[in-house]
> 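The structure's right below; bear with me while I get my questions together.
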Amino acid sequence: MSAVRKKLIEVSIPLEAINAASAREKSIRHGHPSTLHLWWARRPLAACRAVLFAQLVDDPSSWPDRFDHDDEKIEAERKRLHKVIERLVPWEASNDEHILNEARWEIARSVAWGRGEEPPPRDDGPAILDYLQTKAPPVYDPFSGGGSIPLEAQRLGLRAYGSDLNPVAVLIGKALVEIPPKFAGQPPVNPKARAEAANGQLRDWKGAQGLAEDVRYYGQWMRDEAEKRIGHLYPKATLPDGSQATVIAWLWARTVRSPDPAAKGAMVPLVSSFMLSTKEGRKTWVEPIVDPAAMDGWRFEVRTGILSKADEERLKKEQKQRAAILPVF
Ligand SMILES: C[S@@+](CC[C@H](N)C(=O)[O-])C[C@H]1O[C@@H](n2cnc3c(N)ncnc32)[C@H](O)[C@@H]1O
């Protein structure tokens with residue numbers, strides 16, 4: 001054994017497979033942590049998973065005795081480890097215990113060899129996890145942001161820690177890594193699930209499934225409650241054909257009293273531009289309309305159409321000026 005063992009990441013990793021899985025992750029919505037809460041510069045889980053694995057698993061050249069000092073055997077072993085990574089990085093592998101166990105064993109083997117021990121048997125998942133929890137180095141990401149690195153370290157069976165300057169990131173990390181294991185294997189506690197259990201509808205709640213069921217139940221409850229209490233502030237929009245549509249985005253603007261004496265102290269919105277979309281062919285803007293019958297003496301209309309660059313610039317400027325002088329009537 002050489003004194004300093006080279007890790008796989010120092011020699012080679014299957015970049016193409018890692019890149020492809022990382023790129024594909026961007027289009028995955030259902031069940032991806034990015035849908036829990038937005039975090040900027042969140043790293044792809046596939047890349048974090050691969051990097052953690054390759055940092056903990058030794059390159060076979062570190063163990064020449066175990067490969068008969070034969071470069072071909074060492075290269076074949078390296079290729080085998082690349083295949084493990086290729087199976088490990090796709091999104092679908094995230095909950096595949098067979099693939100995860102295979103990767104955990106490889107890490108356990110490197111840790112064990114480094115300690116002059118042998119790893120637990122390949123097919124003994126609980127023993128492998130126990131070995132990693134007690135013998136493998138813990139992973140700590142001091143700038144953990146959206147929690148990708150601690151999450152993937154935990155998935156690989158390692159002790160995982162994270163911290164961040166931003167309390168929102170800490171909360172995301174807690175929700176991802178710290179809270180779910182506390183409820184592992186427990187049934188949900190919401191009234192609907194309790195009633196079903198009392199009626200004999202029992203089911204096996206694996207991992208965080210019970211917690212997830214409660215999050216869904218109480219999330220829906222909060223949504224319904226919010227709709228009851230403040231839904232009237234978000235009315236449906238009336239389309240040009242008279243039909244009603246759900247509004248998908250609301251733009252809020254601060255309002256101030258117009259400094260124009262002619263406006264007689266009317267409130268006007270402070271916005272830098274009334275353009276909603278500047279996409280070619282689909283330009284959309286808000287037109288403020290002076291209307292004595294409307295509250296504050298004006299209202300908005302959303303307009304779409306084709307605008308030349310010059311018209312758009314003129315419109316932006318006009319609208320800026322109009323915002324200040326709007327309620328002159
Ligand atoms: C690039 S992001 C990390 C992204 C993370 N790896 C992920 O996948 O979501 C960098 C993080 O470092 C945090 N940060 C910046 N300065 C810090 C400091 N001095 N101490 C702790 N965290 C800090 C930021 O709040 C941000 O969340």
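Atoms within each ligand, like the ligands themselves, are counted from 1 in listed order.
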> Does any N or O atom in Gly146 lie less than 3.5 angstrom from one in ligand 1, N or O only?
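Right, the criterion is met.
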> Please identify which atoms of ligand 1 are closer than 4.0 Å to at least one heavy atom of Gly145.
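Heavy-atom distances to Gly145 below 4.0 Å select 9 (O), 27 (O).
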> Among all protein non-hydrogen atoms, which one is nearest to atom 4 (C) of ligand 1, and what is the separation to 0.1 Å?
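Minimum-distance protein heavy atom for atom 4 (C) of ligand 1 reads Ala41 O, 3.3 Å.
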> Considering the options Lys6, Lys7, Arg78, which one meets the salt bridge (charged side-chain N to carboxylate O under 4.0 Å, His left out) requirement together with Asp59?
Arg78
> Here's one to test your reading of the geometry: is the NZ or CZ of Arg122 within 45 degrees of the ring axis of Trp105 and under 6.0 Å from its centre?
yes
> Does the cation-pi check pass for Arg24 over Trp91, that is, NZ or CZ under 6.0 Å from the six-membered ring centre and within 45° of its axis?
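Relative to the ring axis of Trp91, which defines the angle, Arg24 lies outside at least one limit.
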> Would Ser148 count as a polar contact of ligand 1, with the cut-off being nitrogen or oxygen pairs under 3.5 Å?
yes
> Short N/O distance, under 3.5 Å, between Asn166 and ligand 1?
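No: no nitrogen or oxygen of Asn166 is under 3.5 Å from one in ligand 1.
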> Relative to ligand 1, is Pro142 under 4.0 angstrom through side chain, backbone, both or neither, heavy atoms considered?
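Backbone only; the side chain of Pro142 stays clear of ligand 1.
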> For atom 25 (O) of ligand 1, which candidate among Ile172, Leu45, Val170, Asp164 provides the closest heavy atom?
Asp164
> So is Arg203 actually on top of Trp205's ring, under 6.0 Å and inside 45° of the axis?
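Checked: cation-pi criterion met.
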> Flag Leu165 as yes when one of its N or O atoms lies below 3.5 Å from any N or O atom of ligand 1, and as no otherwise.
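Yes; at least one N/O pair falls below 3.5 Å.
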> Within the 3.5 Å criterion, strictly below it, is a donor on Ser277 or Lys283 matched to an acceptor on the partner's side chain?
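There is no such pair (donor and acceptor under 3.5 Å, judged by atom type) between the side chains of Ser277 and Lys283.
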> Which residue and non-hydrogen atom of the protein lie closest to atom 1 (C) of ligand 1, and at what distance in Å?
Arg43 NH2, 3.5 Å
> Check Cys48 against ligand 1 and report side chain, backbone, both or neither, counting heavy atoms closer than 4.0 Å.
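The answer is neither.
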> Purely on distance, is any nitrogen or oxygen of Arg42 under 3.5 Å from one on ligand 1?
no
> Measure the distance from atom 16 (N) of ligand 1 to every protein heavy atom, then report the residue, atom name and distance (to 0.1 Å) of the closest one.
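Nearest protein contact, heavy atoms only, for atom 16 (N) of ligand 1 is Phe143 CE2, 3.7 Å.
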> Hey, are Arg80 and Glu106 close enough for a salt bridge, meaning a charged N less than 4.0 Å from a carboxylate O?
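Salt bridge: yes.
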> Assess Arg109 against Trp113: is NZ or CZ under 6.0 Å from the centre of the six-membered ring, and within 45 degrees of the ring's axis?
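Yes - Arg109 lies over the ring of Trp113, closer than 6.0 Å to its centre and within 45° of its axis.
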> Of all the non-hydrogen atoms in the protein, which one sits nearest to atom 5 (C) of ligand 1, and at what distance?
Ser144 O, 3.4 Å
> Salt-bridged, Glu77 to Lys73, with N to O below 4.0 Å?
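No, Glu77 and Lys73 are not salt-bridged.
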> Any carboxylate oxygen within less than 4.0 angstrom of a Lys/Arg side-chain nitrogen, looking at Glu118 and Arg66?
yes
